[in-house]
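Some notes on the structure that comes next.
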Amino acid sequence: MPEYLINGIPVNFPFEPYQVQRDYMARVIECLQNSSNGVLESPTGTGKTLSLLCSSLAWILHKKAQVQASQRTNVGELSEFEFEKKKMGEGGRWGVPKIIYASRTHSQLTQAMQEMKNTSYGFMRAVILGSRDQLCIHPEVAKEEGNAVKTNLCKAKIQARACSFYSRVEACKERPEITGSTIMDIEDLVRVSTKLKACPFFMSKELIENADVLFMPYNYLLDPKARKANNLELANTIIILDEAHNVDKMCEESASMQIRSSDIALCIDDVTSIMKVMDNTVAIPEDDDAKKDFTIDDLALLKEMLLSLEKTVDEIPVMFSQGGSTQPGTYIFEIFEKANIKEGNYHIIAQLLENIIQYIATITEKNNFVRRGGGLQILAEALSIMFAGSGPQYRESIDKCYKCHIDIEEQKKVRGNTKQADGWTATKQLVPSVKANAKVINFWCFNPGFGMRQLLGRNARSIILTSGTLAPLKPLISELDIPIAVKLENPHIIDGSQVCVKIVGQGPDKESLNSSYGNRDNPKYISSLGRTILSFCPIIPGGLLVFFPSYPLLNKCQEAWQETGIWAQISRTKPIFVEPRGKDQFLNTMTEYYAKINDPDGKGAVFMAVCRGKVSEGLDFADMNGRACIITGLPFPPLKDARVILKKRYLQEVRTRENEIISGDEWYSLEAARAVNQAIGRVIRHKNDYGAILLCDNRFHNPRQKAQLSSWIQKHLNTAQHPTFGPIVRELSQFFRNAEKTLPQAKLTRSLAPLGPEPPTALVPDSTSLLVSGETKKKLDDIKNNFIKIENSNAVTAFKLSDYQHAHRSDATSASGKDFLSRLNTQVRTIDFNDMSSSSAGPSSQAGLVAIHKRERSNEFPSVTQQKKRKVVLIPQETISLDDSLEVLEIKPERQAPEDRVELLKVIKSSIVPAQYKRFLVVLTGYRNDRDFGTMMGGMVEIFNRPELYYLLKAMRRFLSNEHGIQFDERIRTICG
């Protein structure tokens, strides 16, 4: 790999770095050399992660070489005792810092680790820290829901020596399977540890000592609870916070807490239940695992404290009409001190709470009781945040950075639940009914610098914050309140011909586009926005991303467009996908979206999502996956939310000319701009990429709003902006025509890139996995085999997609001497998209690629009267077209309805208009009551009356009784074919 000298450090980089990458690596190395902190912005697509890894790892290698040279020089002068003391005093690494690479999600960390594997620094050791949710392989613990529950059950089993996986960690950590893998991500840890029957969670902790790079989500660093739980040693470490545009919020969130009256009531209930067990009032079978590190007197004292705390909270005066009561941050200590919970006895109470929670986890797991201890867990976490520090200086910081806001707890509907005679809940545990005077205590941090200073206080060598959307840097640096010596705002690597940025202030009907809160209920605005998107769909090739300010607005537009027919019109141009909230459903939706984009017969797809949602954060929509991004409005925080009001007020109070902190109104506006910048970053992903950015809200014309967009976007906004809709459509159409002629075009593939850590999914399955009947499958296999026999008997030569990816080389010519381009003139007999046998012929072949078979012409020099070239036609569904010039087989897998009934109802609700959905529920309820198949079937056929909804119609089979199954299948065959 080529080597480049940057700031005196030799850096191995896979290709000649661009100037922006050189500048970026130089700033990273400057931070490390001077032990200083830096804030570095480099737009998405500039190779930020690669540059960050190569430069920091190169510096670590250089530092190692320096230390080893110094070690050889001085080691002879040290006695054996001094040698060991010096080595152990510096962690066995002789003063070489460890890199802690933190990002927002494990998916982003997996991508970064993959980048590291692809560099020349892949030999350096790296490990990732994860939660028990991801790493635990103990069958009894892994089946539990929630990381907190798994943590407590895991601790209880370890304490009772009941986990064989934990016991094998020490014996297995030196095994070749562990030591031979230099870079261990989540999948590697689980795979290898499962093979060794050792715990992946604790194995990762054993690998920390010898690792050069430690990957983790950045809440593990910033959250004091997580930092304590992972026992992180930060002295002499290089902390890299990637995707740091959320760090300020994470600092505030991790230092804040909330506790409700209902949580305190749950604590009292749990403690009372345990007291009954210990007092033999209730008989609970126990075994040796259920060890009690507390007495009934301890529980009695704790219950007394909790009852006193409940009474104190109930007595706090709150005026509902005034939106709650706000007090200084130190007021939280006054509340808890009245219950005799104070700094002096906090550690004793915290240990007691932990022991009780572990005991509850053990006895509920052994006796199949529903999980308890949720309230105690909330109380323990709240106390750990309150008492994260001590002393007068800490109290002073709390007074400056925090507010205590008390509000009325909302009444919740409580489902009925039965209780056994022993007092333990037999069904799902529910929150006790909320009392009329119940409160919510919010302990909110408004200064992200409070959390960052805790990192500095642990003697980290350097802290580097980097992202594609940090600007403006000054207010961020002021709020973080740490010394920043190195700053960088990189430009983008693309030029003006690769991006088209337009502000769309009005729709095709000349209705003003403005998504302000007061205008969101305007039906004319919603209709105009829909027609605007509809007008852009035919112009934009490939994928179109549409970002809404919030989920309520997205849902409102979806319902309105379904009722007016705009939704159906858009769907006929491009199929629509909507961002779901569930994790599993999200992955399925993304897979289906990518499949539509890669379909050669398709026209792309539309993905409707929300700013600050999963799609806008860290997902890659390179090339055809995202050729345009529409921003439908400014995602301001909720103006009347108590936390937003207090944040604005706090900034006004602490703002001075010297500290350069922004005003409350500027912060409010900047929050929206940063979310927009992050969403826009999904489109342009590399130097050859291109796309359009359409800001469909006339408020983007405001100079203040423009100034808060990323600097590279502002540069392209300086071009002429048209007030009317027609010229924008014309210029956008011209932009894509020019781009397709002059810019490199990415080729569609038949296989999907993996989404996060998930394995890739082939778009075109082989014949053994097609969703067709057994008889049809046999016929298709017979036809395919006949095609292969014919081709083999006619001296077939197979070509793969890799032939298209390389320039013509003389040594690649065939035996007949014809080059690849001349072969395209030969007669094509078949194109078989399903047969993968030819792909395995050579070492460079890849499973899932399209193989093109053709027969060599017998005549080397074709005559003038050569027959016309054959056309290749892709036949949809399971149709097979056979004629004298063409034999094509194309099978598309039918869309499948979710197996889970709840998920199915969600899909149905999002696929039809609300009126039809209500009718669907009425029809379904009627069938359950009277079992009238004819009425039910007639109603369902009218509801799911479009071909794209037939897969949902077929899914109605699961709601029928067995007696109507055959009739249903016959009707389905008649309707759907």
Side-chain angles (χ1 to χ4, degrees), residues 132 141 144-157 159 224-226 228-229 257-279 282 284 286 289-313 332 335-336 339-342 345-367 369-388 409 419 422-425 428-432 434 438-441 443:
R132 288 174 175 85
V141 179
E144 298 293 340
E145 293 184 5
N147 188 55
V149 174
K150 290 179 181 177
T151 299
N152 293 319
L153 190 55
C154 171
K155 288 179 179 178
K157 287 191 174 296
Q159 191 175 7
K225 304 186 296 293
K228 180 182 176 183
M257 68 87 171
Q258 180 187 80
I259 189 165
R260 301 170 178 267
S261 291
S262 54
D263 297 327
I264 302 171
L266 273 178
C267 292
I268 296 170
D269 190 29
D270 285 345
V271 173
T272 303
S273 298
I274 298 294
M275 290 176 71
K276 289 180 180 179
V277 172
M278 295 182 67
D279 197 30
V282 175
I284 294 288
E286 294 187 48
D289 291 354
K291 293 182 180 179
K292 297 184 286 288
D293 293 325
F294 50 86
T295 65
I296 195 166
D297 292 334
D298 294 333
L299 295 178
L301 285 171
L302 179 60
K303 183 175 179 179
E304 184 181 342
M305 289 178 178
L306 293 172
L307 288 169
S308 178
L309 179 62
E310 184 181 45
K311 181 181 177 183
T312 303
V313 172
I332 193 76
I335 295 173
F336 279 82
N340 199 29
I341 300 173
K342 55 186 74 172
N345 63 3
Y346 155 66
H347 293 288
I348 298 172
I349 296 170
Q351 187 60 53
L352 176 59
L353 289 172
E354 184 178 346
N355 293 340
I356 295 172
I357 292 168
Q358 287 184 25
Y359 174 73
I360 290 175
T362 304
I363 63 172
T364 54
E365 186 251 340
K366 289 292 180 184
N367 296 285
F369 291 115
V370 172
R371 184 68 54 211
R372 304 292 296 262
L376 294 170
Q377 186 70 46
I378 292 171
L379 177 62
E381 291 177 359
L383 293 178
S384 70
I385 289 173
M386 283 174 51
F387 297 105
E409 183 172 359
K419 286 197 173 184
D422 55 23
W424 289 87
T425 307
K428 283 192 175 180
Q429 181 181 352
L430 298 164
V431 177
V434 179
K439 310 290 192 314
V440 180
I441 300 174
F443 183 56

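Taking each heavy atom of L266 and G375 in turn, the nearest pair found is CB-CA, 4.1 Å. Here the closest non-hydrogen pair linking C267 and L379 is SG-CB, 4.1 Å. Shortest non-hydrogen contact noted between K150 and R132 is O-CD, 3.9 Å.
A 4.5 Å side-chain heavy-atom check between K155 and T151 finds at least one atom pair inside the cut-off. Counting heavy atoms from C-beta outward, D293 and Q358 have side chains that stay 4.5 Å or more apart. You'll find the side chain of F294 stays beyond 4.5 Å of the side chain of L302, heavy atoms only.
By the ring pair (Phe, Tyr, Trp, His ring centres under 6.0 Å) test, F387 pairs with F333, Y346, sequence neighbours left out. Residues passing the side-chain hydrogen bond (donor to acceptor under 3.5 Å, both in side chains) test with S308, sequence neighbours excluded: none.
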side-chain contact (heavy atoms from CB on, under 4.5 Å) between F336 and I349, intermediate numbers included:
CA-CA 12 Å; F336 279 82; I349 296 170; over 6 Å; no
One pair to check against side-chain contact (heavy atoms from CB on, under 4.5 Å): D270 and I356. What are the steps and the verdict?
CA-CA 9 Å; D270 285 345; I356 295 172; over 6 Å; no
Could you please spell out the steps behind the side-chain contact (heavy atoms from CB on, under 4.5 Å) verdict for M386 and I341?
CA-CA 11 Å; M386 283 174 51; I341 300 173; over 6 Å; no
Determine, stepwise, if the pair E310 / I268 fulfils side-chain contact (heavy atoms from CB on, under 4.5 Å).
CA-CA 9 Å; E310 184 181 45; I268 296 170; 3.5 Å; yes
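The distance from atom CD1 of I335 to atom CD1 of I441, rounded to the nearest 0.5 Å, is 4.0 Å. Here T312 contributes atom OG1 and K439 contributes atom NZ; the two are 11.0 Å apart, rounded to the nearest 0.5 Å. Interatomic distance, CG of N340 versus CG of N345, reported as 5.5 Å (0.5 Å rounding). Distance check: D269 CG to L376 CG gives 10.0 Å after rounding to the nearest 0.5 Å. S273 OG to M278 CE: the interatomic distance, rounded to the nearest 0.5 Å, is 13.0 Å. Taken to the nearest 0.5 Å, the CG atom of L306 stands 11.5 Å off from the CG atom of D263.
The closest donor-acceptor contact from the side chain of N355 to the backbone of L352 lies at 3.5 Å or more, if one exists at all.
Across I332, I264, V440, L383, a single residue satisfies side chain to side chain contact (heavy atoms under 4.5 Å, CB included) together with I259, and that is I264.
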